[in-house]
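These numbers come from a predicted model, not from an experiment. Below, chain A is the first sequence line, B the second, and so on; all start at residue 1.
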Number of protein chains: 2
Amino acid sequence: MGSSDEEVNNLQVILKQYVTSGSPKESDMQMQSSRIRLKVPDELNGAVLVKNMYLSCDPYMGHRMRNLEDHYIHGFTPASPIEGFGVAKVLDSTHPNFNKDDLVWGVTGWEEYSLISDTATLFKIQDTDVPLSYYTGILGMPGMTAFAGFYEICSPKKGDHVYVSAASGAVGQAVGQFAKLLGCYVVGSAGSKTKVDLLKNTFGFDEAFNYKEENDLVGALKRFFPNGIDIYFENVGGKMLDAVLLNMRQHGRIAVCGMISQHNPEQRDGIQNLLCLIKKCIRMEGFLFSNYVHLYPKFMETVLPLIKEGQIVCVEDVVEGLEHAPGALIGLYSGQNVGKQVVVVSHE
Amino acid sequence: MGSSDEEVNNLQVILKQYVTSGSPKESDMQMQSSRIRLKVPDELNGAVLVKNMYLSCDPYMGHRMRNLEDHYIHGFTPASPIEGFGVAKVLDSTHPNFNKDDLVWGVTGWEEYSLISDTATLFKIQDTDVPLSYYTGILGMPGMTAFAGFYEICSPKKGDHVYVSAASGAVGQAVGQFAKLLGCYVVGSAGSKTKVDLLKNTFGFDEAFNYKEENDLVGALKRFFPNGIDIYFENVGGKMLDAVLLNMRQHGRIAVCGMISQHNPEQRDGIQNLLCLIKKCIRMEGFLFSNYVHLYPKFMETVLPLIKEGQIVCVEDVVEGLEHAPGALIGLYSGQNVGKQVVVVSHE
């Protein structure tokens, strides 16, 4: 790193243009080399300049590759670096809460160095006794999403029968472990034998299955839940949701966290079985991490000791090098990743 | 009426056989004349024998015309009288809570006289200052359904923007009036000009529209809710639900009461826009009248005075004669009825 007055190279992942049809592809992004001065410019008082270390690949990012008309989430800016959650080290700060050499996690750019003006999304990392990359997963947005979704939306209780789809992913693995710790019966599904083995042997799910090997999803769920499902943690949508609806128990709860199978708007499965909501008095509720940020201290107090004691484990799929980030992100949509997908930009 | 030892004729509406394809049709039912003794048989201690006066036609009955595999609602018994909610007069009782000449409402048979063993569903009518037929509608199951759905599921508050579909029906007209009394902005949809006029002029909705005249439901809803819908009271399902999802506001609530457009399993619209649940943090919850029966005293205390003061009105579509009951029931599915569909078996 040069002196703070010098400019250095800044490798970046750029969105070429908005995705207008089909699923997001690696070729919708490109690498670009830019220059950056490692100092917050005078006119940006309150901003921080960070060196990015670990970047998080999360399914919601595919939505931001489109030009959405939504108010609450905007698309990425074409020809600019993609944004996402990550772990970074502060190199320069004009914000009273952050100092040089602080470690932070929050929304940063897909590039080597980022100038962050919106520091409201940054959390200072207090505990470094765990791998720092965990702050992209179990101790970051996905972990908090699992925590809020399970405890705040699912109204869980001991003995509930819980089903988690995309269960080996960053959110799913956390939900399943929270449910087991509460004394629930937990079944997860995933898309390969490796992932199914992880669910049973590493994360301690009671049962797990490979959904790609089941011709009849309704029947598969009935096998694992002969008396029905109390809680479904929804990460995939589509045909799986339809099969779940038929297998829910009276007064069941569905936390709608994601629908990774439905990211291509041209290939959406219409959901046929919503009449089950009435007959079974089911509550189905969507939620966003951003509404539960206030729970982060409580979350850390609960989860950090569990991780240190080994009661909650975290499996990551780590890719080295920013240049591999586009492929890692796109791999989420075909389930290439085994565990939480992390990209290492720099280890220090 | 003959002496209680005599048998009398008992005209009945019979389900010929289960509906196996398409929508229920009038010809799935037939009239039959049977004989009945107007006295509870000795071996049925605890039963009551009633003379049926007013029968309620309700959309859920179409489900019971099929051979459902559900645990919680069973199909009608083929070759036996259809069952439904109604108002009746007790002719003979072996149950301590019911006496001869009591008026009751609850589940009875589609016939002139019914022997009711399961008296748990019967409520004694205490107040006869209102038309007795109201106990099939605003003071009976549909009114209670509207009350529970609106107050217990929708989390309503003054100023909320509320949309009600099938709004001139038995449940919809009650929901709209409850919402207006709370100080909400209320829009309803229905399938004819007459019904739209009722909504605006009789029930006091702020706005109403004929969904059959709208080519673009998404745009129609945007016209009435430029800032989005806080509460949707769902009575129809299908394409309307998809359009509503796109128009919901952040943290919106959807009470799923019925989906009358989806009663033919061969013509279900797949719902495409459930991703909105996540982005807008929407809660969508199904419910059944049967779970809220304990609220009936509170409901009567609230609603009966409002009816007597004319603050809540009730519009009924009354058909005279049990022989017209099958046509009245089937008419629900094409929206023939204007207001709560009632069949008069006997006025006294």
inquiry  = Please check: side-chain N/O of A/Tyr333 versus main-chain N/O of A/Pro59, any donor-acceptor pairing under 3.5 Å?
reply    = yes

query = Who in residues 267-275 of chain A is close to chain B, using a strict under-4.5 Å heavy-atom cut-off?
reply = A/Arg268, A/Asp269, A/Gly270, A/Ile271, A/Gln272, A/Asn273, A/Leu274, A/Leu275

ask   = Using non-hydrogen atoms only, which part of B/Ile153 is less than 4.5 Å away from chain A: side chain, backbone, both, or neither?
value = neither

request  = Return yes if some donor-acceptor pair links the side-chain N/O of B/Lys280 with the main-chain N/O of B/Leu246 below 3.5 Å, else return no.
outcome  = yes

request  = Mind ranking A/Arg253, A/Gln262, A/His251 by heavy-atom pairs under 4.5 Å with chain B and telling me who comes out on top?
outcome  = A/His251

Quiz: residues 218-225 of chain A side-chain donor-acceptor pairs under 3.5 angstrom, not counting sequence neighbours:
residue  : atom : partner  : partner atom : Å
A/Arg223 : NH1  : A/Glu214 : OE1          : 3.1
A/Arg223 : NH2  : A/Glu214 : OE2          : 2.8

Main-chain N/O of A/Cys281 paired with A/Arg283 side-chain donor or acceptor, under 3.5 Å = no

inquiry  = Quick check for you: among B/Gly286, B/Cys257, B/Gly238, which has the greatest number of heavy-atom pairs under 4.5 Å with chain A?
reply    = B/Gly286

The single option from A/Phe147, A/Phe289, A/Phe123 passing ring pair (Phe, Tyr, Trp, His ring centres under 6.0 Å) against A/Tyr296 = A/Phe123

request  = Classify the angle between the aromatic ring planes of B/Phe233 and B/Phe287 as parallel (below 30°), tilted (30 to 60°) or perpendicular (above 60°).
outcome  = perpendicular

task = Kindly check if the number of other-residue, nucleotide or ligand heavy atoms within 6.0 Å of NZ (B/Lys157) is above 12?
result = yes

